[in-house]
Amino acid sequence: MATKKKKMILDLHKMKKEGQKVVWITSYDYPSAQFAEAAGVDMILVGDSLGMCVYGYESTVPVTMDQCIVHAEAVRRAAPNTFVVGDMPFMSYQTSNDDAVRNAGRFLKEADCDAIKLEGGKRIIPKVKAILDAGIVVCGHIGLTPQSSGQLGGHKAQGRTVESAEMLMEDAMALHEAGVQLLLLEAVPPEVGGAIAKMLPIPVYGIGAGMNTDGQLLIISDVIGQFQAFTPKFVKKYANVAEVVTNALKQYGEDVRSGDFPGEEHCYRMKKGEFEKFEELLKKYRK
Ligand code: KIV
């Protein structure tokens, strides 16, 4: 199989100019990142959604930098030719510019990520600038920002009133002027997604931001039907892994209980002539 050519930030910018949509998916582990690379996705996000999709937390808030790094390392090993974005977890950048730079740098130094993503608009500009000054590619993330969903009154779509849409446009512009090279919009109306993608010269991707952005992100656990707790409106399920795996395990259980597993084909046999000698040996133990 021909090796996939890895897209870099300039390729992503070129794709926007040429009107080519970018395909972006989250991944948290080696097997799913291998599948993503084989499927030819353009970008992988090692999202802090791993807290809910992998660890079973109720939100992304408990996720730590160390957890993100371990998962990002596994993803990079599996997908050497895909643009990988590390997601800055809660309290890895809010505390100070120094923390922001140190933790963003860990994604590059320890996990060989190509960029980092962090949530927030105007209020995180000093952190964004500090990370950019360290030479790191930054992706902004505005709209529904799960780490601050408490302040937003829950996991609610944003930009549904003119006032809220204007705040998003201002945040998007402020991030662009600060120098972010990519922007993600989460859970906003398509008109707002399209307006921001048109307003900015950088690639603007959406997760639940409609069809007018420069590319789409989805969470792999939603796409393959693995995450069970809830399904956001913007998700399209392409498989039902939960059903496939549960049925496989039920069948395994039935086979073990009925004696149908293991079968002859699953057994190792003794080497030629050894079985007779083994029977002699057993006599000693039977006495
Ligand atoms: O962690 C994540 O997967 C994300 C997406 C929800 C945008 O940040």
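Counting starts at 1 for both ligands and their atoms, in listed order. Scope of the values below: all heavy atoms of this structure, side chains included, with no hydrogens, waters or symmetry mates. Quick caveat: nothing in here was measured; it's all calculated off a predicted structure.
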Select one of side chain, backbone, both or neither to describe which atoms of Leu217 lie under 4.0 Å from any atom of ligand 1, heavy atoms only.
-> side chain

How does Leu184 reach ligand 1, if at all, at less than 4.0 Å between non-hydrogen atoms: by side chain, backbone, both, or neither?
-> side chain

Looking only at protein heavy atoms, identify the closest one to [atom] and say how far it is in Å.
atom: atom 8 (O) of ligand 1; result: Lys117 NZ, 2.9 Å
atom: atom 4 (C) of ligand 1; result: Leu45 CD2, 3.7 Å
atom: atom 3 (O) of ligand 1; result: Ser49 OG, 2.5 Å

Roughly how far, to the nearest 0.5 Å, is CD of Gln34 from OG of Ser27?
-> 10.0 Å

Crowded around [X] [atom1]? As in, over 12 foreign heavy atoms under 6.0 Å?
X: Lys21; atom1: NZ; value: yes
X: Lys6; atom1: NZ; value: yes
X: Tyr252; atom1: OH; value: no

Below 4.5 Å, heavy atoms only, C-beta onward: do Val85 and Ile116 meet side chain to side chain?
-> no

Under 3.5 Å, N or O to N or O, is Glu186 touching ligand 1 that way?
-> no

Any N or O of Glu119 closer than 3.5 Å to N or O of ligand 1 | no

Relative to the heavy atoms of [X], which atoms of ligand 1 are at a distance of less than 4.0 Å?
X: Gly47; answer: 1 (O), 2 (C), 3 (O)
X: Thr26; answer: 3 (O)
X: Asp87; answer: 1 (O), 2 (C), 4 (C), 8 (O)
X: His141; answer: 7 (C), 8 (O)

Could you pull out all residues at least two apart from Phe234 that satisfy ring pair (Phe, Tyr, Trp, His ring centres under 6.0 Å)?
-> none

Could I get the full list of ring pair (Phe, Tyr, Trp, His ring centres under 6.0 Å) partners for Tyr285, not counting sequence neighbours?
-> none

Shared hydrophobic cluster for Phe35 and Ile219 (ILVMFWY, side-chain gaps under 4.5 Å) = no

